[in-house]
Trainee: 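To start, I am sharing the structure in question, which I have written as structure tokens.
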Amino acid sequence: KQGSAVVGVTSRTHVVLAALKRSASALSAYQKKIIGIDKHIGIAIAGLTSDARVLSKYMRAQSLSMRINMDREMPVERLVSKISNKAQKSTQFYGGRPFGVGLLVAGVDATGPHLLEFSPSGAHYEYVAMAIGARSQAAKTYLESHCESFASLSLDDLVHQALTALRDSLPLDSTLSIDNTSIGIVGLNQEFQILEGQEISEYITRLGQTTTERRGGGSEVGNNASMQVD
């Protein structure tokens with residue numbers, strides 16, 4: 001809940017991740033929020049980046065093992081099940097702690113595009129669209145009211161919907177820009193890629209042109225980040 005928001009949206013052909021990046025201070029760079037796991041899988045994180053690195057390294061190892069031993073891509077749900085089992089073990093033994101990070105996992109396999117949420121408790125669920133992180137309830141409200149149209153959208157329109165939902169999770173004095181926004185895309189005929197900087201300038205420009213005021217409702221004012229999470 002204290003990490004900056006990330007949003008995932010699916011259509012019949014693609015999955016899009018949109019993430020809001022934070023910087024610890026005016027002197028620091030923005031923290032990476034979207035991580036590639038394999039050609040067909042990527043994740044967006046909300047929480048402790050160090051824990052996300054541990055889980056992403058484990059996911060890469062499992063995916064690589066599948067390619068070497070079975071000569072096939074790791075199914076998305078199976079990979080998320082593996083990290084869920086790993087996370088749940090931390091709740092069973094004295095002296096351990098849960099992973100302090102939530103993930104949105106986007107991937108494509110033989111059964112089509114998938115978006116799954118992983119929580120620190122070890123639970124995981126598949127969604128048409130989902131948002132996690134600080135003030136994510138406002139983004140969820142937007143996604144819930146538009147989710148029926150997502151399946152038939154083009155890739156550009158799907159990215160626009162993800163960014164619109166992400167914008168609704170921002171504090172009132174913040175805006176999305178090419179510096180603080182990341183986009184991850186994977187599709188049936190498209191390997192996972194991360195777009196940042198000038199690569200997303202057209203999407204950010206379109207977002208500003210199609211709306212004249214911030215959408216309201218659902219912001220979680222009480223979520224004040226007391227520790228540095230991303």
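Keep in mind it's a predicted model, so treat the numbers as computed, not measured.
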Trainee: How many angstroms lie between CG in Leu155 and OG in Ser11, if you round to the nearest 0.5 Å?
Mentor: 7.5 Å
Trainee: Heavy atoms, side chains only, cut-off 4.5 Å: are Leu20 and Lys33 in contact?
Mentor: no
Trainee: Give the minimum heavy-atom separation between Ser4 and Ala46, together with the two atoms involved.
Mentor: O-CB, 3.8 Å
Trainee: Please identify each residue that fulfils salt bridge (charged side-chain N to carboxylate O under 4.0 Å, His left out) with Lys21, with sequence neighbours left out.
Mentor: Glu196
Trainee: If hydrophobic clusters are built from ILVMFWY residues whose side chains come within less than 4.5 Å, do Leu17 and Ile194 share one?
Mentor: yes
Trainee: When rounded to the nearest 0.5 angstrom, what distance separates OH in Tyr125 from OG in Ser84?
Mentor: 10.0 Å
Trainee: Could you check whether any side-chain heavy atom of Lys32 comes within less than 4.5 Å of a side-chain heavy atom of Thr49, counting everything from C-beta outward?
Mentor: no
Trainee: Could you see if Val159 belongs to whatever hydrophobic cluster contains Ile178? Use Ile, Leu, Val, Met, Phe, Trp, Tyr and a side-chain cutoff under 4.5 Å.
Mentor: yes
Trainee: State which residues pass side-chain contact (heavy atoms from CB on, under 4.5 Å) with Ser152; sequence neighbours excluded, sorted by chain then number.
Mentor: Arg12
Trainee: I need the minimum non-hydrogen distance between Met66 and Pro75, along with the two atoms involved.
Mentor: CE-CD, 4.2 Å
Trainee: If we only count heavy atoms from C-beta on, is the Pro113 to Leu188 side-chain gap below 4.5 Å?
Mentor: yes
Trainee: Counting only heavy atoms not in Asn85, do more than 12 sit closer than 6.0 Å to its CG atom?
Mentor: yes
Trainee: Look only at the side chain of Asp51 and the backbone of Gly100, and say whether a donor-acceptor pair between them is shorter than 3.5 Å.
Mentor: yes
Trainee: Indicate if Ile37 and Val80 have the same hydrophobic cluster label, given that clusters are the connected sets of ILVMFWY residues with side-chain heavy-atom separations under 4.5 angstrom.
Mentor: yes
Trainee: Mind checking what makes side-chain contact (heavy atoms from CB on, under 4.5 Å) contact with Ala52, not counting sequence neighbours?
Mentor: Ile45, Val101
Trainee: Please determine if Lys82 forms a cation-pi arrangement with Tyr58, meaning its NZ or CZ atom is less than 6.0 Å from the six-membered ring centre and no more than 45° off the ring axis.
Mentor: no
Trainee: Going through the checks in order, is the side chain to side chain contact (heavy atoms under 4.5 Å, CB included) test met by Asp156 and Leu158?
Mentor: CA-CA 5 Å; Asp156 286 348; Leu158 198 66; over 6 Å; no
Trainee: Rounded at 0.5 Å granularity, tell me how far CG in Asp157 sits from NE2 in His14.
Mentor: 12.0 Å
Trainee: Quick check: is Ile83 connected to Val15 through a chain of hydrophobic side chains (ILVMFWY, heavy atoms under 4.5 Å apart)?
Mentor: no
Trainee: List the residues meeting side-chain contact (heavy atoms from CB on, under 4.5 Å) with Lys39, not counting sequence neighbours, and say none if there are none.
Mentor: Arg67, Glu191
Trainee: Contact between Phe192 and Ile34 at the side-chain level, heavy atoms closer than 4.5 Å - yes or no?
Mentor: yes
Trainee: Looking only at heavy atoms, what is the nearest atom pair of Ser56 and Ile43, with distance?
Mentor: CB-CD1, 4.0 Å
Trainee: Does any part of the side chain of His160, heavy atoms only, come nearer than 4.5 Å to the side chain of Leu207, both counted from C-beta?
Mentor: yes
Trainee: Apply side chain to side chain contact (heavy atoms under 4.5 Å, CB included) to residues Arg167 and Leu163 and explain how you reach the verdict.
Mentor: CA-CA 6 Å; Arg167 183 200 55 201; Leu163 290 177; over 6 Å; no
Trainee: Please lay out, stage by stage, how Leu79 and Gln62 fare under the test side chain to side chain contact (heavy atoms under 4.5 Å, CB included).
Mentor: CA-CA 7 Å; Leu79 182 59; Gln62 292 297 315; 3.9 Å; yes
Trainee: Do side-chain atoms of Ser65 reach the backbone of Ala61 as a donor and acceptor pair under 3.5 angstrom?
Mentor: no
Trainee: With sequence neighbours left out, what residues match Glu199 under side-chain contact (heavy atoms from CB on, under 4.5 Å)?
Mentor: Leu195
Trainee: If you count heavy atoms of other groups shown closer than 6.0 angstrom to CD of Gln88, is the number above 12?
Mentor: yes
Trainee: Verify salt bridge (Lys or Arg N to Asp or Glu O under 4.0 Å) between Asp168 and Lys140, making sure each step is shown before the conclusion.
Mentor: CA-CA 9 Å; Asp168 283 1; Lys140 290 179 187 177; over 6 Å; no
Trainee: Are any of the side-chain heavy atoms of Met59 and Ser63 separated by less than 4.5 Å?
Mentor: no
Trainee: At their closest point, which heavy atom of Phe118 faces which heavy atom of Ala87, and how far apart are they?
Mentor: CZ-CB, 3.5 Å
Trainee: State yes or no: are the ring centers of Tyr142 and His146 separated by less than 6.0 Å?
Mentor: yes
Trainee: How long is the straight-line distance from CD of Glu73 back to CG of Asp38, given to the nearest 0.5 Å?
Mentor: 6.5 Å
Trainee: Just wondering, do Val9 and Val7 contact through their side chains at under 4.5 Å, heavy atoms?
Mentor: yes
Trainee: Within the supplied structure, the quantity of interest is the number of heavy atoms (other residues, nucleotides, ligands) at a distance under 6.0 Å from Asp71 CG; does it exceed 12?
Mentor: no
Trainee: According to a hydrophobic-cluster definition based on side-chain heavy atoms being under 4.5 Å apart (Ile, Leu, Val, Met, Phe, Trp, Tyr only), do Val6 and Tyr127 belong together?
Mentor: yes
Trainee: Enumerate donor-acceptor pairs with a distance under 3.5 Å from any side-chain N or O in residues 103-110 to protein atoms, sequence neighbours excluded.
Mentor:
{"from": "Asp109", "atom 1": "OD1", "to": "Thr111", "atom 2": "N", "distance (Å)": "2.9"}
{"from": "Asp109", "atom 1": "OD1", "to": "Thr111", "atom 2": "OG1", "distance (Å)": "2.6"}
{"from": "Asp109", "atom 1": "OD1", "to": "His114", "atom 2": "NE2", "distance (Å)": "3.1"}
{"from": "Asp109", "atom 1": "OD2", "to": "Val76", "atom 2": "N", "distance (Å)": "3.1"}

Trainee: Answer yes or no: is there a side-chain heavy-atom contact under 4.5 Å between Met74 and Arg78?
Mentor: yes
Trainee: Roughly how far, to the nearest 0.5 Å, is CD of Gln31 from OG of Ser182?
Mentor: 10.5 Å
Trainee: Which heavy atom of Ser169 sits nearest to which heavy atom of Ala139, and what is that distance?
Mentor: CB-CB, 4.4 Å
Trainee: To the nearest 0.5 Å, tell me how far His124 NE2 sits from Leu116 CG.
Mentor: 6.5 Å
Trainee: At their closest point, which heavy atom of Thr10 faces which heavy atom of Val128, and how far apart are they?
Mentor: OG1-O, 2.8 Å
Trainee: Set out, in order, the CA-CA distance, both residues' side-chain angles and the distance that settles side chain to side chain contact (heavy atoms under 4.5 Å, CB included) for Ile185 and Gln190, then state yes or no.
Mentor: CA-CA 8 Å; Ile185 300 171; Gln190 181 175 354; 3.6 Å; yes
